[in-house]
**Q** 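I have a structure I would like to understand better, so I am pasting it below and will then ask my questions one at a time.
Just so it is clear, the values below take in all heavy atoms, side chains as well, and ignore hydrogens, waters and symmetry mates. Each residue takes its place number in the sequence, starting with 1.
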Amino acid sequence: MRLRVEFTTEPFDLDEAPAHAVVAREVIQSAELDAVDVGPFGNTAEGGADAVLTAVDSLLRKALESGATRISLQVNVIGEDSK
């Protein structure tokens with residue numbers, strides 16, 4: 001199964017990316033995911049179910065440890081793995 005995850009972390013800071021946002025992006029960018037897109041108001045990544053769920057677990061834990069007070073998260077099934 002392939003999944004797409006979309007997420008944002010708060011609180012926002014328009015002047016400088018807060019530590020929790022930087023950590024969350026680093027987790028997603030270093031995971032074995034496809035089509036990673038990070039931006040100031042939302043982040044998206046796609047990949048196999050195991051990779052996405054592992055990345056989401058790490059993202060939640062590390063972003064909260066780094067000061068996030070809210071994490072909005074959506075996970076969608078987008079298809080089957082090609083295996």
**Q** Hydrophobic cluster membership, with links at side-chain heavy-atom distances under 4.5 Å among I/L/V/M/F/W/Y: are Val27 and Val75 in one?
**A** yes

**Q** Give the minimum heavy-atom separation between Pro11 and Thr69, together with the two atoms involved.
**A**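 Shortest heavy-atom separation between Pro11 and Thr69 comes out as CD-OG1, 3.5 Å.
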
**Q** Got a list of side-chain donor-acceptor pairs under 3.5 Å for residues 52-60, not counting sequence neighbours?
**A**
residue	atom	partner	partner atom	Å
Thr54	OG1	Asp50	O	2.8
Asp57	OD1	Arg61	NE	2.9
Asp57	OD1	Arg61	NH2	3.4
Asp57	OD2	Arg61	NE	3.2

**Q** Assigning hydrophobic clusters by single linkage (Ile, Leu, Val, Met, Phe, Trp, Tyr; side-chain heavy-atom cutoff under 4.5 Å), is Met1 placed with Val5?
**A** yes

**Q** Would you compute the distance between atom OG1 of Thr44 and atom CD of Glu6 and round it to the nearest 0.5 angstrom?
**A**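 If we round to the nearest 0.5 Å, Thr44:OG1 and Glu6:CD are 4.5 Å apart.
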
**Q** Which distance, rounded to the nearest 0.5 Å, do you find between the CZ of Arg70 and the OG1 of Thr9?
**A** 11.5 Å

**Q** Testing the basics here: between Ser66 and Ala19, what is the closest heavy-atom pair and its distance to 0.1 Å?
**A** O-CB, 4.0 Å

**Q** Membership question, hydrophobic clusters at under 4.5 Å side-chain separation (ILVMFWY): are Val22 and Leu64 in the same one?
**A**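 In one cluster with Leu64: Val22, no.
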
**Q** I would like to know whether Val38 and Val36 meet side chain to side chain contact (heavy atoms under 4.5 Å, CB included); could you show each step before the answer?
**A** CA-CA 7 Å; Val38 297; Val36 174; 4.1 Å; yes

**Q** If you look at every heavy atom in Leu33 and Ala45, which pair is closest and at what distance?
**A** CD1-CB, 3.8 Å

**Q** Any side-chain heavy atom of Glu10 sitting closer than 4.5 Å to one from Pro18?
**A**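 The answer is no, as the side chains (C-beta and beyond) never meet within the 4.5 Å cut-off.
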
**Q** Which residue pairs pass the salt bridge (Lys or Arg N to Asp or Glu O under 4.0 Å) test with at least one member in residues 25-37, sequence neighbours excluded?
**A** Arg2-Asp34

**Q** For the CG atom of Leu3 and the CD1 atom of Ile78, what is their distance to the nearest 0.5 Å?
**A** 7.0 Å

